[in-house]
Amino acid sequence: MSEKKRCIGILTSGGDAPGMNAAIRAVTRTAIYNGFSVKGIYRGYKGLIDNDIVDFKTQNVSNIIQMGGTILKTARCKEFTTPEGRKIAYENMKKHGIDAIVAIGGDGTLTGARVFATEFNFPIIGIPGTIDNDLYGTDRTIGYDTALNTIMECVDKIRDTATSHERLFFIEVMGRDAGFLALNGAIAAGAEAAIIPEISTEVDQLEELINNGFRKSKNSSIVLVAESPHTGGAIHLAERVKAEFPKYDVRVSILGHLQRGGSPTAEDRILASRMGEAAISALLDDQRNVMIGVRNNEIVYVPFSKAIKYDKPINRDLLNTLKTLSI
Ligand code: F6P
């Protein structure tokens, strides 16, 4: 990063994810280590508009690596989607002497970052922080591993009661139109199937499941469902089964926001620490408007245009794995 860029603003935006604090810590400490000053921006882009910006020292990020959520708070900010809102944001940024921003969040955060950076011609580096794991160009997003482990633990518990009562459970997990949590959660928890949006648009997965001899050899079953209009959601699927198979004792469990909380796993803390450090390295190398990613365990820099534009594909082999193991 050239001499005149000396102050870095950091924000978290959109849905929170475990590991965001570890990323805030890594960005802050790497920046200070390299001689920059750091400003913490509260509530994402909303804090830029509301001028909720404070100095960040190394002590501000002490004892946070183990904490879920984000100490910077987060928001989804409508005003920032307008040119007027972004102008106010830019003016406040300049008032604080901020020359570059590191934005931690998901798809919406990076979309906002891209527009903002292009409009005012300054560098923004994105760090993928979302439990959904749905950003193109990175194998993993911060928070995904923790959420996956949470799902696995929840399903393990539901399995106890499902088995005792010989019930069929539809368990709905988050993912905002992406099936990573549902598919990998199903494999990790030994579920019977995963109903995911990527496939729902091609075939009626429930019908396929039934035609394949669904519950032939088992008294209890667990099906993970990704939240999405494409899957219809767990309640809708349960209603369909109840109508077709009145003898089945069907229950629904929607895991909801508990999937977003909790102390980050070691994997998420390490990922966040590496990505936070890489964000500052990117600025030092005069990179701009890129998202930090990790591919095959190596740090990569993904242009915002790609990370936002393309849908990250699921690994379809995993569907076969799940099918084979659920006989
Ligand atoms: O993007 C993360 C996520 O948790 C999605 O999985 C979910 O659809 C959404 O956020 C929920 O958002 P909110 O907390 O605003 O209800």
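The basis for the numbers below is simple: all heavy atoms, side chains too, and nothing from hydrogens, waters or symmetry mates. When a ligand or atom number is given, it counts from 1 through the structure's own listing order.
For atom 13 (P) of ligand 1, the candidate residues are Gln259, Glu227, Arg176, Arg76; the nearest heavy-atom contact is made by Arg76.
At a 4.0 Å heavy-atom cut-off, ligand 1 touches Arg260 through the side chain alone.
Near His257, meaning under 4.0 Å from one of its heavy atoms, ligand 1 places the atoms 13 (P), 14 (O), 16 (O). The contact set between ligand 1 and Gly175, taken as ligand atoms under 4.0 Å from a residue heavy atom, comprises 6 (O).
A donor-acceptor pair shorter than 3.5 Å cannot be found between the side chains of Asp285 and Tyr301.
The salt bridge (charged side-chain N to carboxylate O under 4.0 Å, His left out) check on Glu79 picks up nothing, with sequence neighbours excluded.
Salt bridge Glu91/Lys87: present, at least one basic N to carboxylate O contact under 4.0 Å.
Protein heavy atom in closest approach to atom 1 (O) of ligand 1: Asp132 OD2, 2.7 Å.
Side-chain atoms of Arg269 come within 3.5 Å of backbone atoms of Pro264 as a donor-acceptor pair (strictly under, hydrogens ignored).
Alongside Leu110, the hydrophobic cluster contains Leu11, Ile41, Tyr45, Leu48, Ile49, Ile53, Phe80, Ile88, Tyr90, Met93, Ile98, Ile101, Phe116, Phe120, Phe122, Ile124, Leu135, Met291, Val300, Val302, Phe304, Ile308 (criterion: ILVMFWY side chains under 4.5 Å).
Taking any N or O of Ile131, backbone or side chain, none lies under 3.5 Å from an N or O belonging to ligand 1.
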